[in-house]
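Down below is the structure, laid out as structure tokens.
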Amino acid sequence: MPATALLCERSLRTLMPAAGVGGSTDEMSEPHVDQANFPRVDRFLESEVVAHALTFAFERGLIDRLDRQATVPADPLAAGLRLDRARFDCLAGLLVGGGIVEEPGPGLLALTPAFRAVLPYRDLIAAKLGFAAAAAEDLRRCFPAFIADLPAFMAASRTFELFRYDRCFEVTPDNLAATRRWVSYTTCLTRYEAGPCLERIDLAGHRRLLDLGGNSGEFAAQACRRATGLSATVFDLPVVCALGRENLSGRPEAARVRFQPGDMRRDPLPEGHDLVTFKSVLHDWPPEEACALLARAAQALAPGGRLVVYERTPVPLRDRPAGYVQAADLVFQPFFREAGLYTEILRAQGFPEIAVDRIRLETPFHLIVARKPGGES
Ligand SMILES: C[S@@+](CC[C@H](N)C(=O)[O-])C[C@H]1O[C@@H](n2cnc3c(N)ncnc32)[C@H](O)[C@@H]1O
């Protein structure tokens, strides 16, 4: 098993209270997140060593212990962790320096109000800790290749090894296990990233959504939750669809989300949908293939319907030094594009109205919403 998988799996299992595909509890699978209340967790993960301290504190139950009480004396905490005071002070110092813990009085510890405010999103914190650990290791081991020989970086990188789409065609126990590792991560990100996109789309004006590369159905389910008249088709590779059914089982929207396994590059795309979405999909493909996918989607879309592209833009690197947590986006940086390539294709496909919005989450996204000619709207 690659180290990345181990890291992600270990973090996701030990830091999250319950484990489905997304490692989610019922409560966590239902967050109603828009841009205004998007959980800002990155500021606690900027320093590598603080991130290690936080991982340790989660794994050893220290964060839970501090969460249960307003203020806790340090001595019993150290004893509970079987640490002498010097080692405990080192851990506590790192957590205080990272803004996670504060010392309200001599020998006392408490979670800071800012960290307490993001603790309900511990699944997101865990997912980011796990993935940043893997990506940072790739950058540490292979930085010259990252800059000077991208194919060599990708071949040596454990983060890229994780996303094995070739293992998503045949539903076997091994392939399900291998795919579950990265689907947990994408599902967790989408649990929070979907809302800021969906709040900008007039979902009530649509009846049938097709989410291409729709993964575990998280985006589609959230769209259906927001619009009771909407039903959705999630098109993805067979193993991913199998995990998606598991992800949505027991969710009220599951009855309105259908999974269609297939290869979106080759298989016929289902027709009759008036909203077609790509979330964090097109950057996976070189420009020619991304263009071909967009053109196929545009053809499958019903006349008068809308096509949506929601993607990370290149990470701004000049504003300030990139922190530890940014390693996760940095390894994909060469593939994130500005909206221009996609809007050009849509224009060439004859889409008359194309709107581009920028959405500033912890990393910036662009949102393209384009209307196909014809129909009634
Ligand atoms: C980076 S993930 C994004 C997933 C999801 N849209 C999200 O944002 O969480 C890309 C998705 O495309 C799917 N995918 C890759 N190749 C595909 C293909 N040939 N046909 C259908 N889906 C594919 C993957 O399985 C994966 O779910």
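Computed from heavy atoms alone, side chains included, the values below leave out hydrogens, waters and symmetry copies.
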Main-chain N/O of Arg360 paired with Gln35 side-chain donor or acceptor, under 3.5 Å: yes
Donor + acceptor pair across side chains of Gln222, Arg191 (<3.5 Å): no
Joint cluster assignment, Val369 & Ile354, ILVMFWY side-chain distance < 4.5 Å: no
For the student: nearest non-hydrogen atoms of Val33 and Pro39, plus distance: CG1-CD, 4.0 Å
Within the 6.0 Å centroid threshold, strictly below: Phe335 and Phe332: no
Glu48/Arg140 salt bridge by N-O under 4.0 Å criterion: yes
Heavy-atom closest pair, residues Ala51 and Tyr324: CB-CE2, 3.4 Å
For the student: nearest non-hydrogen atoms of Phe44 and Gly98, plus distance: CD2-O, 3.6 Å
What pairs of donor and acceptor atoms, side-chain ones from residues 230-241 against any protein atom, are under 3.5 angstrom apart with sequence neighbours left out?
residue: Thr233; atom: OG1; partner: His273; partner atom: NE2; Å: 2.8
residue: Asp236; atom: OD2; partner: Gly214; partner atom: N; Å: 3.3
residue: Asp236; atom: OD2; partner: Asn215; partner atom: N; Å: 2.7

Heavy-atom closest pair, residues Asp211 and Ala220: OD2-N, 4.3 Å
Side chains of Tyr192 and Asp123, donor plus acceptor under 3.5 Å: yes
Pair Glu246 + Arg180: basic N to acidic O under 4.0 Å: yes
Aromatic ring pairing Tyr165/Phe163, orientation class (parallel under 30°, perpendicular over 60°, tilted between): perpendicular
Transitive ILVMFWY side-chain link Val281 to Leu275, under 4.5 Å: no
Working for ring-ring contact (aromatic ring centres under 6.0 Å, His included), residues Phe365 and Tyr310: CA-CA 7 Å; Phe365 281 73; Tyr310 181 42; 4.8 Å; yes
Asn247 side chain vs Ser216 backbone, donor-acceptor pair below 3.5 Å: yes
Taking every non-hydrogen atom, the tightest pair across Leu94 and Ala53: CB-CB, 3.9 Å
Side chain to side chain contact (heavy atoms under 4.5 Å, CB included) between Asp138 and Phe160, intermediate numbers included: CA-CA 10 Å; Asp138 281 342; Phe160 283 93; 5.6 Å; no
Ion pair Arg312/Glu193, N-O distance below 4.0 Å: yes
Pair Asp274 + Arg306, salt bridge at N-O below 4.0 Å: no
Trace of the side chain to side chain contact (heavy atoms under 4.5 Å, CB included) decision for Phe219 with Thr190: CA-CA 6 Å; Phe219 186 83; Thr190 296; 3.9 Å; yes
N-O pairing of Glu253 and Arg226 below 4.0 Å: no
Transitive ILVMFWY side-chain link Leu307 to Leu367, under 4.5 Å: no
Cationic N near anionic O, under 4.0 Å, Arg200 to Asp34: no
Common cluster, Ile63/Leu108, ILVMFWY with side-chain heavy-atom separation under 4.5 Å: no
Evaluation steps, side chain to side chain contact (heavy atoms under 4.5 Å, CB included), between Gln349 and Glu344: CA-CA 9 Å; Gln349 291 285 321; Glu344 262 173 42; over 6 Å; no
Single-linkage hydrophobic cluster, 4.5 Å side-chain cutoff, Leu294 and Phe351 together: yes
Euclidean distance, Asp174 CG relative to Glu170 CD, rounded to 0.5 Å: 10.0 Å
Spatial distance of atom CD (Glu218) from atom NZ (Lys279) [nearest 0.5 Å]: 10.0 Å
Under 3.5 Å donor-acceptor, Thr186 side chain and Trp182 backbone: yes
Whether Arg116 side chain and Ile100 backbone form a donor-acceptor pair below 3.5 Å: no
With Phe88 via ring pair (Phe, Tyr, Trp, His ring centres under 6.0 Å) - residues at least two apart: none
Atom pair CD1/CZ of Ile345 and Arg347 - distance to nearest 0.5 Å: 11.0 Å
Side-chain donor-acceptor pair present, Arg258, Gln260, cut-off under 3.5 Å: yes
Residues Glu46 and Arg320 bridged, charged N to O under 4.0 Å: yes
Glu338 vs Arg358, salt bridge (charged side-chain N to carboxylate O under 4.0 Å, His left out): CA-CA, chis, key distance, verdict: CA-CA 10 Å; Glu338 295 295 348; Arg358 249 180 129 80; 3.2 Å; yes
Heavy-atom pair of closest approach, residues Gly350 and Pro373: O-CG, 3.2 Å
Check: Leu212 and Leu269 side chains under 4.5 Å, non-hydrogen atoms: yes
Sub-4.5 Å side-chain heavy-atom contact between Leu124 and Val118: no
His366 side-chain N/O to Arg337 backbone N/O, donor-acceptor pair under 3.5 Å: yes
Note: Asp64-Arg122 ion pair, threshold 4.0 Å (strictly below): yes
Intermediate values then yes/no, side chain to side chain contact (heavy atoms under 4.5 Å, CB included), Glu362 and Phe38: CA-CA 9 Å; Glu362 301 252 53; Phe38 189 82; 3.7 Å; yes
Leu95 side, atom CG; Leu109 side, atom CG - distance, nearest 0.5 Å: 8.5 Å
Residues Glu271, Arg208: salt bridge by 4.0 Å N-O rule: no
Separation of Arg60 CZ from Leu91 CG (nearest 0.5 Å): 9.5 Å
Whether Gln326 side chain and Gly323 backbone form a donor-acceptor pair below 3.5 Å: yes
Straight-line distance of Ser280 OG to Glu311 CD, nearest 0.5 Å: 5.5 Å
Derivation and outcome, salt bridge (charged side-chain N to carboxylate O under 4.0 Å, His left out), residues Glu353 and Lys372: CA-CA 8 Å; Glu353 290 168 27; Lys372 184 169 173 171; over 6 Å; no
Side chain to side chain donor-acceptor pair (under 3.5 Å) contacts touching residues 78-93 (sequence neighbours left out): Asp75-Arg85, Arg85-Asp89
Exceeds 12 heavy-atom contacts within 6.0 angstrom, atom CZ of Arg207: no
